[in-house]
Q: 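Starting off with a structure, shown below.
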Amino acid sequence: MVSIHIYIEGAGNANDDEELLPMQRPGLRSKITAGKETTSSLREGFFKFFQELVDIAKKQKIEFRIVMCGSREDTYENFKLSLESHPESFNILLIDSESPISPHQNYWEHLRNRKEDQSWIRGDELDYDDDQCHFMVQAMEAWFVADIDALKAFYRQGFKEEKITRGMKNYQNIEQVSSKTLLVWLKSATRHSEHGKYDKITRRPPHHALEILKRLDANKVRKASPYCDRIFTTIIDVSNNSPNQK
């Protein structure tokens, strides 16, 4: 294995990410679309969040790539293309689960059984490794509410953490919270803050999602989210067992 590629659902910047995309099939349109989470690519934020993994890969002489792909369908398509273009690499799909994950299903089955996802995943053999499919729980914002201190650091004066902590009392963990509820909490908590209400499509800096990602304490998020811990554990194991070290 010479590299680790993570294909992530979320906005990208064509100038930043286009060179990282695998060779596309004839007739396949460009897969980089800006504006899903923010008008700025989230790649810098994810690199910061995954810094421990980046450092471990570098130590093991493994190239670490993060590619923001836009929609979940586009992300899946680029993941599949990378399996063909970079079979020597460890390729990972990282998207929102969008709904609770049944403990009786594997990760690929979760996508196949979701009616909303069947238009792009149905019919595939889905014989991929479970270790290649990962979720930002029901939505990326779950990682944000897992680290209240990061939200405080960005939104500063006027941030109302109780709007989130009060809601969390009704759940055992953040992975049970729907994407709609997460947005309600974040918008309510940030409405009167220095940077204003949380906005997924910020048109001007500061770009909320990017800035929050850069401030997240990965260890706090891992403790709050088993699915977040899972991707860290998977990549650490893959890096430490790389043939590069044998």
Q: Could you tell me whether Lys214 and Glu44 have a side-chain N and a carboxylate O separated by less than 4.0 Å?
A: yes
Q: Under 6.0 Å between the ring centres of Trp108 and Phe135?
A: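 Not close enough - the centres of the two rings lie 6.0 Å or further apart.
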Q: Are any of the side-chain heavy atoms of Tyr155 and Lys160 separated by less than 4.5 Å?
A: no
Q: Could you walk me through whether Leu182 and Val145 pass the side chain to side chain contact (heavy atoms under 4.5 Å, CB included) check?
A: CA-CA 8 Å; Leu182 289 166; Val145 303; 3.8 Å; yes
Q: Examine the side chains of Gln60 and Asn240 and answer whether a donor and an acceptor come within less than 3.5 Å of each other.
A: yes
Q: Could you check whether Ser225 and Glu175, counting side-chain N and O atoms only, form a donor-acceptor pair closer than 3.5 Å?
A: yes
Q: Between the side chains of Ser193 and Thr190, does any donor sit under 3.5 Å from an acceptor?
A: no
Q: Checking the side chain of Asn91 only, and the main-chain atoms of His86 only, is there a donor and an acceptor separated by less than 3.5 Å?
A: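 Here the side-chain-to-backbone pair exists.
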Q: Does Glu162 CD have over 12 foreign heavy atoms under 6.0 Å away?
A: yes
Q: Has Lys220 got more than 12 heavy atoms of other residues, nucleotides or ligands less than 6.0 Å from its NZ?
A: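 Enclosed.
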Q: Is there a path from Ile121 to Met136 through hydrophobic residues (I, L, V, M, F, W, Y) whose side chains come within less than 4.5 Å of each other?
A: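 Yes: a chain of side-chain contacts under 4.5 Å links Ile121 to Met136.
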Q: Where is the tightest heavy-atom contact between Tyr198 and His208, given as atom of each residue plus distance?
A: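 Nearest pair, atom of Tyr198 first, then His208: CA-ND1, 3.5 Å.
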Q: Determine, using ring centers only, whether Phe232 and Tyr227 are less than 6.0 Å apart.
A: no
Q: Under a 3.5 Å distance rule, please check whether Gln51 uses its side chain to pair with a backbone N or O of Lys48 as donor and acceptor.
A: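 No; judged by distance alone, with no hydrogens or angles, the pair does not exist.
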Q: For Arg215 and Glu211: C-alpha separation, side-chain torsions, deciding distance, then whether salt bridge (Lys or Arg N to Asp or Glu O under 4.0 Å) applies.
A: CA-CA 7 Å; Arg215 289 166 170 79; Glu211 293 301 326; 2.7 Å; yes
Q: Is there a side chain to side chain donor-acceptor pair (under 3.5 Å) between Ser3 and Arg65? Walk through the geometry before answering.
A: CA-CA 7 Å; Ser3 60; Arg65 287 186 169 187; over 6 Å; no
Q: Say whether, by atom type as modelled, one donor and one acceptor occur between the side chain of Gln176 and the main chain of Pro100 under 3.5 angstrom.
A: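 Not a single qualifying donor-acceptor pair exists.
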Q: If you compare all heavy atoms of Ala209 against all heavy atoms of Leu42, which two are closest, and at what distance to 0.1 Å?
A: CB-CD2, 3.9 Å
Q: Please report the shortest heavy-atom distance between Asp130 and Arg230, naming the atom on each side.
A: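 Where Asp130 meets Arg230 most closely, the heavy atoms are O-NH2, 2.6 Å.
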Q: Looking at Arg72 and Glu98, does any basic side-chain N land under 4.0 Å from a carboxylate oxygen?
A: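 A salt bridge links Arg72 with Glu98.
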Q: Hey, mind stepping through Glu161 and Lys163 against salt bridge (Lys or Arg N to Asp or Glu O under 4.0 Å) and telling me if it holds?
A: CA-CA 5 Å; Glu161 65 178 287; Lys163 299 291 186 179; over 6 Å; no
Q: Please determine whether side chain to side chain contact (heavy atoms under 4.5 Å, CB included) holds for the pair Val177 and Met168, giving the CA-CA distance in whole Å, both sets of side-chain angles, and the decisive distance to 0.1 Å.
A: CA-CA 8 Å; Val177 188; Met168 271 305 304; 4.0 Å; yes
Q: Is it the case that the ring center of Tyr76 lies less than 6.0 angstrom away from the ring center of Tyr7?
A: no
Q: Is the side chain of Asp96 donor-acceptor paired with the backbone N or O of Glu9 at a distance under 3.5 Å, no angle test?
A: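 Judged by distance alone, no pair lies under 3.5 Å.
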Q: Below 6.0 angstrom between ring centroids: does that apply to His195 and Phe154?
A: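 When the ring centroids of His195 and Phe154 are compared, they turn out to be within the sub-6.0 Å range.
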Q: Please check if the side chain of Asp74 supplies one atom and the backbone of Gly70 the other of a donor-acceptor pair under 3.5 Å.
A: no
Q: Return the NZ to OG distance between Lys115 and Ser99, rounded to the nearest 0.5 Å.
A: 13.5 Å
Q: With the side chain counted from C-beta on, respond yes when Ile235 and Ile92 share a heavy-atom pair under 4.5 Å apart, and no when they do not.
A: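 They are in side-chain contact.
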Q: State whether the number of non-hydrogen atoms from other residues, nucleotides or ligands found under 6.0 Å of Glu116 atom CD is greater than 12.
A: yes
Q: Can you measure from CD (Glu73) to CG (Asn78) and round to the nearest 0.5 angstrom?
A: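 With rounding to 0.5 Å, CD (Glu73) is 11.0 Å from CG (Asn78).
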Q: Determine, step by step, whether Ser41 and Phe46 satisfy the side chain to side chain contact (heavy atoms under 4.5 Å, CB included) criterion, reporting the C-alpha distance in whole Å, the side-chain angles of both residues, the deciding distance to 0.1 Å, and the verdict.
A: CA-CA 10 Å; Ser41 173; Phe46 276 105; over 6 Å; no
